[in-house]
*Asks:* 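The structure under discussion is supplied below as structure tokens; questions concerning it will follow.
What's counted below: heavy atoms across the whole structure, side chains too, no hydrogens, waters or symmetry copies. Note that this is a predicted model, so its numbers are computed, not measured. Protein chains get the first letters and strands the later ones, always in sequence-line order, with residue 1 at the start of each.
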Amino acid sequence: MTEDTKFHHGDAPNNAAPIVEMKDIEKHFGNIIALAGVSFDVKPGECHCLLGDNGAGKSTFIKTMSGVHKPTHGEILFEGKTMDFSSPRDAMEAGIATVFQDLAMIPLMSVTRNFFMGREPTIGRGPLKRMDVARMNEITMTEMRQMGINLRAPDQAVGTLSGGERQTVAIARAVHFGAKILILDEPTSALGVRQTSNVLATIDKVRKQGIGVVFISHNVRHALAVGDRFTVLNRGKTLGTAQRGEISPEQLQDLMAGGQEMAQLEGSLGGTV
Amino acid sequence: MTEDTKFHHGDAPNNAAPIVEMKDIEKHFGNIIALAGVSFDVKPGECHCLLGDNGAGKSTFIKTMSGVHKPTHGEILFEGKTMDFSSPRDAMEAGIATVFQDLAMIPLMSVTRNFFMGREPTIGRGPLKRMDVARMNEITMTEMRQMGINLRAPDQAVGTLSGGERQTVAIARAVHFGAKILILDEPTSALGVRQTSNVLATIDKVRKQGIGVVFISHNVRHALAVGDRFTVLNRGKTLGTAQRGEISPEQLQDLMAGGQEMAQLEGSLGGTV
Amino acid sequence: MSDSSPAVDERLKSEGLGARIMKRPELGAIAGVILVTVFFLATADAAMFTTSGIINFMTPAAQLGILAIGAALLMIGGEFDLSIGSMVAFAGLFFAAATVTFGLPLVIAIPATFVFAACVGSINGFIVIRSGLPSFIVTLAFLFILRGLSLVGLKLATGGSTQLRGVRDATEGDWLAPFFSGDAFGGLFAWLAEKGIVETFKNGNPKVPGLPIEIIWFVIIALLATWVLLRTPAGNWIFAAGGDSNAATNSGVPVRRVKISLFMVTACCAALVAIITVMDAGSTDSRRGFQKEFEAIIAAVIGGCLLTGGYGSAIGAFFGSIIFGMVVIGLTYTDFDQDWFQVFLGGMLLIAVLFNNAIRKRVTGER
Amino acid sequence: MSDSSPAVDERLKSEGLGARIMKRPELGAIAGVILVTVFFLATADAAMFTTSGIINFMTPAAQLGILAIGAALLMIGGEFDLSIGSMVAFAGLFFAAATVTFGLPLVIAIPATFVFAACVGSINGFIVIRSGLPSFIVTLAFLFILRGLSLVGLKLATGGSTQLRGVRDATEGDWLAPFFSGDAFGGLFAWLAEKGIVETFKNGNPKVPGLPIEIIWFVIIALLATWVLLRTPAGNWIFAAGGDSNAATNSGVPVRRVKISLFMVTACCAALVAIITVMDAGSTDSRRGFQKEFEAIIAAVIGGCLLTGGYGSAIGAFFGSIIFGMVVIGLTYTDFDQDWFQVFLGGMLLIAVLFNNAIRKRVTGER
Amino acid sequence: QDIIVVSHGQANDPFWSVVKNGVDLAAQHTGANVEYRAPETFDMVAMSQLIDAAVNQEPDGIVVSIPDGDALGPSIMRATQAGIPVISMNSGSDVAAELGAALHVGQSEFDAGKAAGAKLAEMGGTTAICVNHEVGNVALDLRCSGFEEGFGGSVEVLPTGNDPAEIESKVSAALASNEDVDTVMALGASLAGEPSLAAAKASGRDVNVASFDLSANFLESIAAGDAAFAIDQQQFLQGYLPVVFLANNAKYGLMPGGNVPSGPNLVTQEKAGQAIELSAQGIR
Ligand SMILES: Nc1ncnc2c1ncn2[C@@H]1O[C@H](COP(=O)(O)OP(=O)(O)OP(=O)(O)O)[C@@H](O)[C@H]1O
Ligand SMILES: Nc1ncnc2c1ncn2[C@@H]1O[C@H](COP(=O)(O)OP(=O)(O)OP(=O)(O)O)[C@@H](O)[C@H]1O
Ligand SMILES: [Mg+2]
Ligand SMILES: [Mg+2]
């Protein structure tokens, strides 16, 4: 496992003001405590990795960031101002685009319709204002091809796509609409090797444009490949945040496992799973 | 990337009769050709990896193996006899357990009920025959703990579990019921590092018991860690099958990418994504 | 890999008894029952909550409830049956014709009716499964077909009338009759009346001759259905089939068999109601059971079943039927003008369901 | 990364025009229409397919269809409205009272009726959204409430009767009236009759005085709804909201606003039917629109809408209504014993839907 | 005094709303506390339960309609055995006495149908349709079969729904497919009579349309000579009289000695004018 990558890191000034700052977020579901006080921020142009064991609360956390859940307790600052997103649409309009772990796609609808869901481009005006279907189809096919997926047709129903194709639609959509912050919840989990490297390259690209990226992954290697900072969650709490270079892959992997010992595989996987 | 692992490989005699043999399978959905003639077999005690790009047809292929789809063309031999599973239940009764990519879980039902869905243990008899709820809960908790997940309660609805927790339920279930063949469609995609190493260790364990394992993954490292043979699919066709040791990780990765060039990441990920 | 489960998970808040109870869909509807009871205690004639009054509203609730429990099982299993109302008429005709026209004894007529109903139910189920059409449209067709056949059959059996009478005479004295008609525990009630524990009319007759048999069936079926749903593999399959029939099939649940069986069970529930009401009324006509499919679904939904399947309970349907029965009959004990009846009926239903929902959310802390 | 898309993907078989057409849910129902037409061509009196016969069955089909299209939009959006039938009665009362009792001109009465209906619809929607209860149960409550209020309101407006008359006198001569009542293209039809293209009575009058205005509304609304569904962002949101409201919300679709708007649209469809029928009949009574909610849902489902939401089309509902209207009216043109009416109705519906389904599967190669 | 009326017709049915108006007026006149109850649809089982509910309240009298003596018998007998005076109205003249009812106010549906049939046959009808908007409702079925008997000629029952537009189309269809039809008998004036009339007019043929019960619009058509006649059973009296009887019975122990026939009363062109106003007020 090597750390010298072709991506350039650390360009983002460490002292830039964060775009989003989450302070001491708690989230309870009935009697279940999913988050027990987590603080986190994202600065422009950085890729902040959120890591942690299964069930640590990563998805719950980014869902409060993108307006899906209201935090039970805690404060969200967006560009310095207290924010209270009442719906994901609000968050989106503020410039936060998210790839959810469950992808948030409608299986019965076509790829194009899913791609532009909620933000359809229109042409014409007055009563003749309508979706620009031709452009929508074209954008969809192009963006998907850039991610390494050749769709047969833009009107195939998402429910009939393969797992990786579907995930790619969600990523391409978020990238297309991500204005200030791009949140990716395990975006590469179902992707093939080619698509994965495209996604990692894309993360690097959008970061260079000054967009803040929140990247959740279970793959230490993917995280280290693109991450500038690493925050590890465990059982609803933060275990700490590390800068790139401050921490070794093995240390990071240990933290991600929640400090518990792992099965006897170390050797076979060259240190990191 | 190293190839010497702690698992023992190649124990299964290469000349053992395959448990399942699939010959020249084709599958069409309406006018979409998902599989264009794929042959494949699994022998007892081996882990046969099925690899390939997104949309290559891996999931479709294993679904024909586990009785979900009927092949449009081709033959399935189970223990030497032509088999025509009319439903997944038939396949299951023959001893094939599957973790589907979409997990096949009912979100509104509890973990325990999902775990035993279709194969509930009972106690009592006659009209008093009933599910052995206490035992079911206990088995569920134990099996999940073995995979590295501490559930809060066995009656939590699966829909409220985290992505990785949910995937673990599906894996634990298949392992618990897998009698002759265990099919795992990207089982580690949502898992944390600890859980992943547990799953890989589990694959090794069941293989030692003489069960044939079909393992689908996009992670070359995971495949190489446990695989005995590797079959690569591309656009609905087989690119070929290789024995462990006959092929280098880089070659394999190239095959999985469908022979197309990858983004400029090679360096950063130490050769394999 | 070997970390032992901590005795108490720090990620769980402790939870009151109330929250634990209210989480069960089968008990949520109780809040509605209580609200409706309080409302009628305040507004209705005191006669409503005497023994006879309670039995009076429990009788229609029980008849509806038997259907509602069948409908609830089917809804949990992910399907509808709109033909149960017509099935009541059709099975009623079959049963009445068997006893009156063909003079069969109950011991033959009753099983025959059930078998017959189950067959029709399985046809429903078979078409739904084979065609992949929504059960809504298939059973809707049977709503019309069975209703039409009841009319034709009645005219055949009676030679032109749409009413077939004489069932009471035909079944009188049959040893099976007490299980399907009349009142149970008549002696007990007479004794209670003597002791002054249940009310009597001015002339001394006990106001309640006994516990109507349908109430007993209702309770038995509710318990049985609850047992099946919560404690047997079949129950697990029903939830699974309704929750996501694809996932269930892929996990090895025999979804087709489950669904067809549920259609048969629902049809048998309709047949049971048909037998009970025909024997009680002594006659049948082609309007019997009219719109009962609708009311059964209402009761099941009030009781917390989801229309989309996979969630609900038999006990919920039990209380849902009681709420519905209480509101419908209860309003007649109040002084409201009949013109306003439907307004109140709708309002009460809405308030009961909203209340039940609000209480549940509050208690379980859900949002 | 830069592989260009191959001109023809080798993973696609070529596909006939038939398959491409049948894949669209909006056109699947055509097979049913054709089947029903063929059936009646074979069995019914020739009068059924004369111009006057066609208009005769198209009129109820159109009235139903306007409701069905509203219901279809709502169903695609994932909700039900069981109160549309009662809404027809209630909006009819409102409209009749506005014109007769208060003597308002149509230019005020009609918009007022629509605004009023939209308000009631939004109340429905608001309760559904806020409480999270299934719309089935909420709108069911409004089914009863609105029906009851229509009765109470009628008695108030008339001083005791359940029929409010005089609408025709009150609206006669109003310049807006021709848009909502009577027949269009009267001149054209007279001319056609003269030329012998449409049939005439023996005395030379054309048998058809014109095209009933509801048919024109029906077609316009079907086209409009199709346009909205297929070509506007709102349509995309409707499909998304019904397909998976969680996923839609998370993707930034304003699901609440979409659903509340749909409830308002549906209520306005009911109001339109109310205005048309009240002006045509010249009177309204408390039974107007009875069970229309049910028929509207039937028509939408025949036309391919899924009850679970997220799938369907307005054109499907259009053809579904025509199938339903044709079967209901068409059977009167046949020689079948009318006792068998419901049996045939159910059977025809089932066969039409099965046929349509089978054809679609065959053509698209789906299994 | 408390008096409860249980009928099989819904309050929003135009026919029964007139009965209810009669009940309400009687309540005013006698000062009794009267309640009107009916099941949601024509449902004998539900109706028997409503009677049971009424008996439980031990009123001073119960008024019932009896469309099915078998189904309602036990409930009615329970009332009479409990010493509650019962008067039957509208339907059930045949079984009323047997069940212990003090008397019956009403007309036999069958006889009314027969009278109408005879009258229409006399007007020259040979082929008729009987528009039944609620098939299986025994009261309506009886009207049709009575009509069939009285009419003598060929009669076809036309089953329809509850929707005026549908009824109009169906009558049109029936007229178009059988050129011989010269008579249409509707079973309810506003629901079926008016649309039948519209269909008959549109057909351009000379068709006699008659209807059971009254509605203002239909009466106007009778007055204008478009419709033949309407059969009025003066159901206002069926609501009014029993309540008055029972109130007086409770007060003074008085009760008439026999059944009161409230109809039938054929409203023809001459008599229609006067009925229109009353019908618009819900009295006829
Ligand atoms: N709606 C809910 N109701 C109850 N519990 C919930 C709900 N959503 C999440 N949880 C619980 O909260 C915890 C955190 O879940 P979350 O999905 O945030 O984990 P995660 O870190 O994303 O895990 P993974 O890596 O497996 O995706 C889990 O234990 C889960 O069971
Ligand atoms: N039901 C279906 N209808 C139409 N096309 C389908 C259907 N199921 C799969 N396909 C298509 O078949 C191809 C193969 O799909 P499959 O799910 O087998 O891919 P996969 O190899 O599992 O990919 P991934 O790695 O992304 O999971 C895909 O292009 C998909 O779009
Ligand atoms: Mg997660
Ligand atoms: Mg796959």
*Asks:* Which atom pair, heavy atoms only, marks the closest approach of B:Met117 to C:Ala247?
*Replies:* CE-O, 4.3 Å
*Asks:* Could you grab the distance from atom CE of B:Met105 to atom CG of C:Asp244, nearest 0.5 Å is fine?
*Replies:*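 So the CE of B:Met105 and the CG of C:Asp244 are separated by 11.5 Å.
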*Asks:* Give me the atom names and distance for the closest heavy-atom approach of C:Tyr311 to B:Leu108.
*Replies:* CB-CD1, 3.9 Å
*Asks:* Determine the minimum heavy-atom distance between C:Pro233 and B:Glu120, stating which atoms define it.
*Replies:*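 Minimum heavy-atom contact is CB-OE1, 3.5 Å.
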*Asks:* With rounding to the nearest 0.5 Å, note down the distance linking OG in C:Ser251 to CZ in B:Arg173.
*Replies:*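 Between atom OG of C:Ser251 and atom CZ of B:Arg173 there are 4.0 Å.
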*Asks:* Might you confirm whether atom CZ of C:Phe179 has over 12 heavy atoms from other residues, nucleotides or ligands at distances under 6.0 Å?
*Replies:*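 Atom CZ in C:Phe179 is not crowded, with 12 or fewer foreign heavy atoms closer than 6.0 Å.
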*Asks:* State the CD1-CZ distance between B:Ile123 and C:Arg231, to the nearest 0.5 angstrom.
*Replies:* 9.5 Å
*Asks:* Would you name the heavy atoms of B:Ala104 and C:Asn250 that are closest together and state the gap between them?
*Replies:* CB-CB, 3.9 Å
*Asks:* May I ask you to check if B:Arg89 and C:Trp237 form a cation-pi contact, with NZ or CZ under 6.0 angstrom from the six-membered ring centre and within 45° of the axis?
*Replies:*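 Yes, B:Arg89 sits over the ring of C:Trp237.
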*Asks:* Rounded at 0.5 Å granularity, tell me how far CH2 in C:Trp227 sits from CG in B:Leu128.
*Replies:* 5.5 Å
*Asks:* Which residue out of C:Gly310, C:Gly243, C:Ala240 racks up the most heavy-atom pairs below 4.5 Å with chain B?
*Replies:*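 Ranked by heavy-atom pairs under 4.5 Å with chain B, first place is C:Ala240.
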*Asks:* Between CG of C:Asn236 and CZ of B:Phe115, what distance do you get to the nearest 0.5 Å?
*Replies:* 13.0 Å
*Asks:* If you count heavy atoms of other groups shown closer than 6.0 angstrom to CZ of C:Phe126, is the number above 12?
*Replies:*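 Result for CZ/C:Phe126: open.
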*Asks:* Below 4.5 Å from any heavy atom of chain C, which atoms of B:Ser87 appear? Answer side chain, backbone, both or neither.
*Replies:* neither
